[in-house]
Amino acid sequence: MALPAPGWRLWPLAALALVLALTPVVTARAGQTPRPAERGPPVRLFTEEELARYGGEEEDQPIYLAVKGVVFDVSSGKEFYGRGAPYNALTGKDSTRGVAKMSLDPADLTHDTTGLTAKELETLDDVFARVYKAKYPIVGYTARRILNEDGSPNLDFKPEDQPHFDIKDEF
């Protein structure tokens, strides 16, 4: 019979330590209840007209842009997306095609992905994940179109099934 590997008895302790390290610590003083987790603004569906209101032209308004039907608040990148900034043309609309093609041409600033190459779709997915999802909060989804992973329209899209969406916040 083979002997167990050295340290096998420590494995449960190591697993427990990892779980404890990854679990958020809730500290409440005696008689106090813990505060609920911070929530951002409610997530909602945007029509094209509503999204256009957040194009960076108004100083007191947040700056929104959509990619793949997901609306991001890019206000923290005002130097890139604000009025007169290099990427302001992307704001206030779903600029999926422009992101995929790395284009600011007005004809490309649309949600339409028809005819994009495999390389452009790969670029779209990469920028979507590494730039927008990684850096900016999701504030909603476009009502007009939500895309499947292959770029086609998702006819079964249900907003209440999406991350960061709470249907009661819509009403």
Non-hydrogen atoms of Ser76 and Glu79 that approach each other most closely:
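Smallest heavy-atom distance, with atoms named: O-OE1, 3.9 Å.
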Please name the pair of heavy atoms, one in Leu109 and one in Gly98, separated by the smallest distance, quoted to 0.1 Å.
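Shortest heavy-atom contact: CD2-CA, 4.3 Å.
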Looking at residues at least two apart in the chain, or sitting in another chain, which of them share a side-chain contact (heavy atoms from CB on, under 4.5 Å) with [X]?
| X | value |
| --- | --- |
| Arg53 | Glu50 |
| Pro62 | Tyr54, Tyr64, Asp73, Ser75 |
| Ala100 | Leu116, Glu120, Leu124 |

I'd like to know if the side chain of Thr142 reaches the main chain of Phe46, judged simply by a donor and an acceptor atom lying under 3.5 Å from each other, with no hydrogens or angles considered.
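Here the side-chain-to-backbone pair does not exist.
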Short question: side chain of Arg44, backbone of Gly140 - any donor-acceptor pair under 3.5 Å?
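No.
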Tell me every residue that passes salt bridge (Lys or Arg N to Asp or Glu O under 4.0 Å) with Lys78, counting only those two or more places apart in sequence or in another chain.
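With neighbours one apart ignored, the set is Glu59.
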What residues form a salt bridge (Lys or Arg N to Asp or Glu O under 4.0 Å) with Glu49, not counting sequence neighbours?
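By the salt bridge (Lys or Arg N to Asp or Glu O under 4.0 Å) rule, Glu49 matches no residue at all.
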For Asp112 and Thr110, test the side chains for any donor-to-acceptor distance below 3.5 angstrom and give the result as yes or no.
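Side-chain D/A pair, Asp112 to Thr110: absent.
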When rounded to the nearest 0.5 angstrom, what is the spacing between [atom1] in [X] and [atom2] in [Y]?
| X | Y | atom1 | atom2 | value |
| --- | --- | --- | --- | --- |
| His111 | Leu51 | NE2 | CG | 12.5 Å |
| Ser95 | Leu104 | OG | CG | 8.5 Å |
| Leu65 | Tyr136 | CG | OH | 8.5 Å |
| Leu90 | Ile63 | CG | CD1 | 12.0 Å |

Give a yes or no on whether Glu58 atom CD has more than 12 heavy-atom contacts from other residues, nucleotides or ligands under 6.0 Å away.
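Count not over threshold, so no.
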Between Phe72 and Phe128, what is the ring plane arrangement, given parallel below 30°, perpendicular above 60°, and tilted in between?
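Ring orientation, 0 to 90° scale: perpendicular.
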Walk me through whether Tyr81 and Asn88 qualify under side-chain contact (heavy atoms from CB on, under 4.5 Å).
CA-CA 4 Å; Tyr81 298 103; Asn88 178 256; 5.7 Å; no
Between Lys68 and Asp94, is any pair of side-chain heavy atoms under 4.5 Å apart?
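They are not in contact (no side-chain heavy atoms under 4.5 Å apart), so the answer is no.
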Qualifying salt bridge (charged side-chain N to carboxylate O under 4.0 Å, His left out) pairs with a residue from residues 96-109, counting only residues at least two apart or across chains:
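Every salt bridge (charged side-chain N to carboxylate O under 4.0 Å, His left out) pair that includes a residue of residues 96-109, provided the two are not neighbours, is Arg97-Asp108, Lys101-Asp108.
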